[in-house]
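Inspection log for the structure reproduced underneath, given as structure tokens.
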Amino acid sequence: MAAETGTPTTLTLKSNDDELFSVAESAAILSVTIRNMVEDGCAGGVIPLDNVDGKTLASVITYMNGISAIPADEEKKKSYRDKFLSDKDFETLADMVLAANYLNMSCLMDAVSAKIAQVMEKKSVGWVRRKFGIENDYTPEEEAAVKEEHKWTFEGVETDDDN
Amino acid sequence: MKTAKREDGSNSVDKISELPEGILQGIFSLLSQEEAVRTSVLSKSWRNIWCTRPNLDLSDVTFKGNKQHFLSVVNTALELYRDQRLCVDEFRLCISVGHSDHEIFYLLEKWVRTLTNMSVKKFCLRNSSKDRNGLVELPPVVLGAESLQHLHVENFMLNRKAIRRLVIFKHLRSLRLDGVSISDEIFKKIISRCPLVENICVDECIGLGKIELNNLLNLKNFYFSDMDDEHICTIEIHAPYSLETIHILEGDIWFHKGAEFRNLNSLNLIGVKSSFHHLSSCKFPVLETFGIRDCDGLKEIQLFIDAPKIRSFDYCGEFVPSISIATTSSKWSSDINLWFRHSSDASTLYFLKLKELLKSLSQSEISLSFLSNYMNTDMAHVFPENNQGQEIDDGDDQFRKLWKRDLEQASLEIKKKTGGEEEKEEWRTITLSELQNYDVDSKKECHHVSLSELLWYHQEIDKKGCHHMSLSDDQERERIFTRFALKWRQDEN
């Protein structure tokens, strides 16, 4: 529960690979899932987060701390989010969007979704496959047929070099 | 789970295809239609993921391919959604339909029916045809789509036939009619079936003579614009309590005597033809933004606005109006833009009226601009005592004489804009040394600048700033704007 003294309360979060993290309650309650636990009084001990691994949780906590340190200024928050996501590879982004979904953090979720959409924009099919680790299980004939069906969507796109 | 070799050679899991549908929907709704559909080529599991996108947005204007192909793309997309029992929340379609396009009419009917079955919420139908044989009828099914929350129709004819299946739109919050041909009667009928509508936008429609807004208890935003000079549409608003924004461009609006606009936050009247006699008796308890531009009805009257919460007032026109605003607001601004058509505009009476106006607005932070489009308008005539900015004796400054008692300080402010980028440079006071940079003709040392000199600079910089004000090479495309900041003496009485 909220501290009556002036000292900030810290929560302990546990990832699904048993890593423990402490984080200030004020930052952690950006997650509606965690906030509900705090409000219900079940945040006393360790909070297990069964759907988030340690690497992702560390990243999410960095974000929580960073964004909650910024006062109510949407522009500054946005630029922090942009910077925070700028060096993340696709796999991390996918993990983060899942974590944000599980933790019910709409601001992170929207930002990561926008980032993924932005990464995909104007990219060739081959590029997206490589980047996202997608195996092409079409036969060449099938692929050609799908391409033909949607050929109007292939204008002005980077051409594939290797597929 | 599917794995594939990644760029760095490691095996990784195809995470994105594994994302829950809700998340994928979010991502796909941020992609354009093309981007979304294109992902179907990635792999088998991706083939129809794009259909999780709740919005379809197709336009034959940007479509690369022929018309038949476009029709089949729209048709296939809708069938795919339908067959997988997926929903389209938002459907935007821009299509060229002429009078003889029977196939398209048939398809439109079919599509709208499919969408209605999916409980579509937002529907935007635009006709991109420039058919000079007049507008084509809106397929009647459109006004039968009960689930709609937003409806936007552009370039169609709404006649009796088009409203044959008109339902009561229990959920409709926004109605936008753009370039639509519609009579008063039909408009009235449609509006009467939208009991909960919050936003109405009537943009350059043809055939309207009078709009009455009645019994719309939720109406918040009303936008009207018309470019037809011959037929002026009159707008009458009864019980305007819920309205928050009114924007009228080239129409007539009748204000009822003593009407109380309880929630009106923003009022914009542009090119409104009617007289504003009753406006002075209306009450605007929460009005913050008030703009009035090129309204001839202001000419003969003294307008009084009761707006205790005003924050910004804008006026633009060819004549100096008589306007006062009663307010308790401690910080508000007035932006006055006056057009000079002829140098004879600048009579003593003109300046007396201007003085009156500025005085009545003196509780606000005033920005005053003189605008002139005419290259032959010579400011030297407008301010006859102005000798092209040279050798001006401040004491002879007629302008200053007029205002001497009230004006404490005048300064010229400058703002620069570079290239195509919208840079947000703030207005700042120009310095004397900077002023000399712009003074191409007279390179005199100046320590004090008179008001008329400032006016001259204002005019000169404006002229040059709009062309090529090359201070140095890298500032080639810089535009410079200037304005006056006037500080008034506080009334000591």
Side-chain angles (χ1 to χ4, degrees), chain A residues 51 56 75 89-102 104 106 109-139 142-158 160 162-163, chain B residues 1-50 53 58-60 62-66 68-74 76-77 80 424:
Chain A
N51 286 7
T56 311
E75 242 167 68
D89 63 19
F90 180 74
E91 218 179 319
T92 314
L93 289 176
D95 286 333
M96 285 191 67
V97 78
L98 279 169
N101 185 46
Y102 172 69
N104 200 346
S106 57
M109 176 114 161
D110 292 349
V112 180
S113 297
K115 178 76 186 176
I116 294 174
Q118 188 201 331
V119 168
M120 291 167 77
E121 222 173 309
K122 298 248 182 309
K123 296 298 191 305
S124 72
V125 171
W127 190 93
V128 176
R129 276 191 196 128
R130 286 196 301 280
K131 200 80 184 169
F132 292 4
I134 297 167
E135 184 200 355
N136 178 13
D137 52 3
Y138 284 124
T139 64
E142 283 171 335
E143 185 174 339
V146 179
K147 256 192 170 161
E148 179 60 27
E149 188 186 330
H150 301 303
K151 70 168 185 250
W152 64 281
T153 66
F154 286 90
E155 296 279 341
V157 186
E158 284 179 6
D160 287 337
D162 64 347
N163 71 315
Chain B
M1 282 203 182
K2 290 157 283 295
T3 58
K5 277 239 181 299
R6 275 165 52 90
E7 262 178 335
D8 52 12
S10 67
N11 277 332
S12 76
V13 180
D14 173 8
K15 277 195 169 129
I16 194 162
S17 348
E18 307 287 332
L19 290 176
E21 192 169 301
I23 299 178
L24 274 174
Q25 263 189 18
I27 296 170
F28 273 87
S29 67
L30 297 168
L31 293 173
S32 71
Q33 189 71 40
E34 283 94 324
E35 303 278 354
V37 177
R38 201 164 58 232
T39 60
S40 57
V41 188
L42 290 171
S43 76
K44 280 182 182 164
S45 60
W46 278 78
R47 174 132 198 195
N48 289 330
I49 290 185
W50 66 272
R53 184 175 135 97
L58 294 149
S59 162
D60 68 350
T62 50
F63 186 78
K64 323 241 175 20
N66 64 25
Q68 219 50 42
H69 188 190
F70 178 71
L71 295 177
S72 87
V73 163
V74 181
T76 318
L80 206 57
K424 282 189 191 160

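Predicted, not measured: the structure shown is a model, and the values here were computed from it. Only this structure's heavy atoms are used, side chains among them; waters, hydrogens and symmetry mates stay out. Note on naming: letters A, B, ... go to the chains in the order of the sequence lines (proteins, then strands), and numbering restarts at 1 for each one.
- Using a 4.5 Å cut-off between heavy atoms, A:Q118 makes no contact with chain B at all.
- Although no hydrogens or angles enter the test, the distance criterion places a donor-acceptor pair under 3.5 Å between the side chain of B:E35 and the main chain of A:K122.
- When all heavy atoms are compared, the tightest approach of A:E135 to B:S43 is O-CB, 3.2 Å.
- Neither the backbone nor the side chain of B:S72 comes within less than 4.5 Å of any heavy atom of chain A.
- Rounded to the nearest 0.5 angstrom, A:H150 NE2 and B:T39 OG1 are separated by 8.5 Å.
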Derivation and outcome, salt bridge (charged side-chain N to carboxylate O under 4.0 Å, His left out), residues A:E149 and B:R47: CA-CA 11 Å; A:E149 188 186 330; B:R47 174 132 198 195; 2.7 Å; yes
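- Rounding to the nearest 0.5 Å places OG1 of A:T139 at 6.5 Å from NZ of B:K44.
- Closest heavy-atom contact between B:E34 and A:T153: O-CB, 3.6 Å.
- Closest approach of A:A117 to B:L31, counting heavy atoms only: O-CD2, 3.5 Å.
- Once rounded to the nearest 0.5 Å, the distance linking CD1 of B:I27 with NZ of A:K115 reads 13.0 Å.
- Only the side chain of B:V73 has a heavy atom closer than 4.5 Å to any heavy atom of chain A.
- In terms of non-hydrogen atom pairs under 4.5 Å with chain A, the most contact-rich of B:I23, B:V37, B:L30, B:T76 is B:I23.
- Residues B:V41 and A:Y138 come closest through the heavy atom pair O-CE1, 3.3 Å.
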